[in-house]
Amino acid sequence: MHPDPEAPPTSRRLPWPVLAASGFALFLLALLWFGHELVEGDGAAVDRAIMLAMRADGHPIGPAWLPSAVRDVTALGSTTVLSFLVLVGAIFLWLAGRLRTALLLVGATALGSLTVETIKALVSRSRPDLVGRLMEETSKSFPSGHAALSAIVYLTLATLLFPVLPDRRIRAFVLAVALLLTLSVGISRVYLGVHWPSDVAAGWAFGGVWAMLWWRIELALLDRRGPQP
């Protein structure tokens, strides 16, 4: 069997796995630097302005029922709800004959959660005390675990389900719902006063990059082993 004459020599091929790992490492370093700058510096003016814009005379803006509704939304990014969704998604993928994808989903969310908690411990940013909190939280603030984990779970679920959803319109709908849920959970954390906006933005960034990284891993495995039965 002759080698493909159009394929570049092995020595000239870009080592995409190494480049991806290096890029992600640089991203994590940038995230840690950003977190420490927020803790040690005075770059939180935008944070303060956004949080204060969600209060009027010390009370949350909007009708009386809105805080309760926002607490319901923020629960969609809780560990309990997301763990349940990962379990259901993994079982669905397994029943659809995609055991490898199901294992990737579980691995992506478990490792993502561990990484977020590690970053929280390294940065050690305190929860905001600028406005009254509408619910109590005790962990560190940066990055937002709800924002990061909702991005990881919803976006990873959406992308890993693509092979099971052949219709392009259905795939677009699933991705749109995943994005909407991720955005809603993040915004709810700021409205409730338990996270600075920069915490949420960092969580979104981490979760989005993490989901894309595992989507790329799934594509690489499909290319290497062929489609699953």
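- Scanning all heavy atoms of the two residues, the minimum distance from K120 to S139 falls at NZ-OG, 4.1 Å.
- Residue T109 holds its OG1 atom at 12.5 Å from OH of Y154, rounded to the nearest 0.5 Å.
- Listed by chain and residue number, H195, D199 satisfy the side-chain hydrogen bond (donor to acceptor under 3.5 Å, both in side chains) test with S141 (two or more places apart in sequence, or in another chain).
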For this session: Start with the C-alpha distance between T101 and L105, add both sets of side-chain angles, then the distance that settles side chain to side chain contact (heavy atoms under 4.5 Å, CB included), and finish with yes or no.
Result: CA-CA 6 Å; T101 305; L105 174 62; 5.8 Å; no

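- When all heavy atoms are compared, the tightest approach of A151 to W204 is CB-O, 4.4 Å.
- Neither V73 nor L82 shares a network with the other; the hydrophobic side chains, linked directly or stepwise wherever heavy atoms of I, L, V, M, F, W or Y lie under 4.5 Å apart, form separate groups for each.
- Annotation: side chain to side chain contact (heavy atoms under 4.5 Å, CB included) contacts of L103 (sequence neighbours excluded): L99.
- S144 OG to W196 CH2: the interatomic distance, rounded to the nearest 0.5 Å, is 14.0 Å.
- A tilted orientation is assigned to the rings of W210 and W214, their planes being inclined by 30° to 60°.
- Shown here are the side chain to side chain contact (heavy atoms under 4.5 Å, CB included) partners of P60, two or more places apart in sequence or in another chain: R55, P67, L134, Y191.
- Checked against salt bridge (charged side-chain N to carboxylate O under 4.0 Å, His left out), E137 has the following partners two or more places apart in sequence or in another chain: R189.
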Taking distance alone, no hydrogens or angles, what donor-acceptor pairs closer than 3.5 Å link side-chain atoms of residues 177-188 to residues at least two apart or in another chain?
| from | atom 1 | to | atom 2 | distance (Å) |
| --- | --- | --- | --- | --- |
| T182 | OG1 | A178 | O | 2.8 |
| S184 | OG | L180 | O | 2.8 |
| S188 | OG | T74 | OG1 | 3.0 |
| S188 | OG | V185 | O | 2.5 |

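- Considering only residues two or more places apart in sequence or on other chains, R169 meets the salt bridge (charged side-chain N to carboxylate O under 4.0 Å, His left out) condition with D167.
- Residue L114 is not grouped with residue L122 when hydrophobic side chains (ILVMFWY) are merged at heavy-atom distances under 4.5 angstrom, including chains of intermediate members.
- The side chain to side chain contact (heavy atoms under 4.5 Å, CB included) test applied to T80 returns S78, not counting sequence neighbours.
- For the pair K140 (side chain) and R125 (backbone), a donor-acceptor distance under 3.5 Å is absent.
- In terms of heavy-atom proximity, S198 sits nearest to D47 at OG-OD2, 2.6 Å.
- Residues forming a side-chain hydrogen bond (donor to acceptor under 3.5 Å, both in side chains) with T138 (at least two apart in sequence, or on another chain): none.
- Screening residues 81-91 for salt bridge (charged side-chain N to carboxylate O under 4.0 Å, His left out), with sequence neighbours left out, gives no hits.
- Here CG of L93 is found 9.5 Å from CG of L104. Values are rounded to the nearest 0.5 Å.
- Here the side chains of S150 and L76 are not in contact, with every heavy-atom distance at 4.5 Å or above.
- Between R168 and R171, the closest side-chain pair of non-hydrogen atoms falls below 4.5 Å.
- Of the inter-residue distances, the one linking S124 atom OG with I119 atom CD1 reads 13.5 Å to the nearest 0.5 angstrom.
- From T159, atom OG1 reaches atom CE of M212 across 7.5 Å, with rounding to the nearest 0.5 Å.
- V88 shares a hydrophobic cluster with F84; the chain of contacts runs through ILVMFWY side chains whose heavy atoms sit under 4.5 Å apart.
- Counting only distance, with no hydrogens or angles, the side chain of R133 and the backbone of V194 share no donor-acceptor pair below 3.5 Å.
- Distance CG/L111 to CD1/I152: 9.5 Å, rounded to 0.5 Å.
- Across all their heavy atoms, A90 and V106 have their closest contact at CB-CG2, 3.9 Å.
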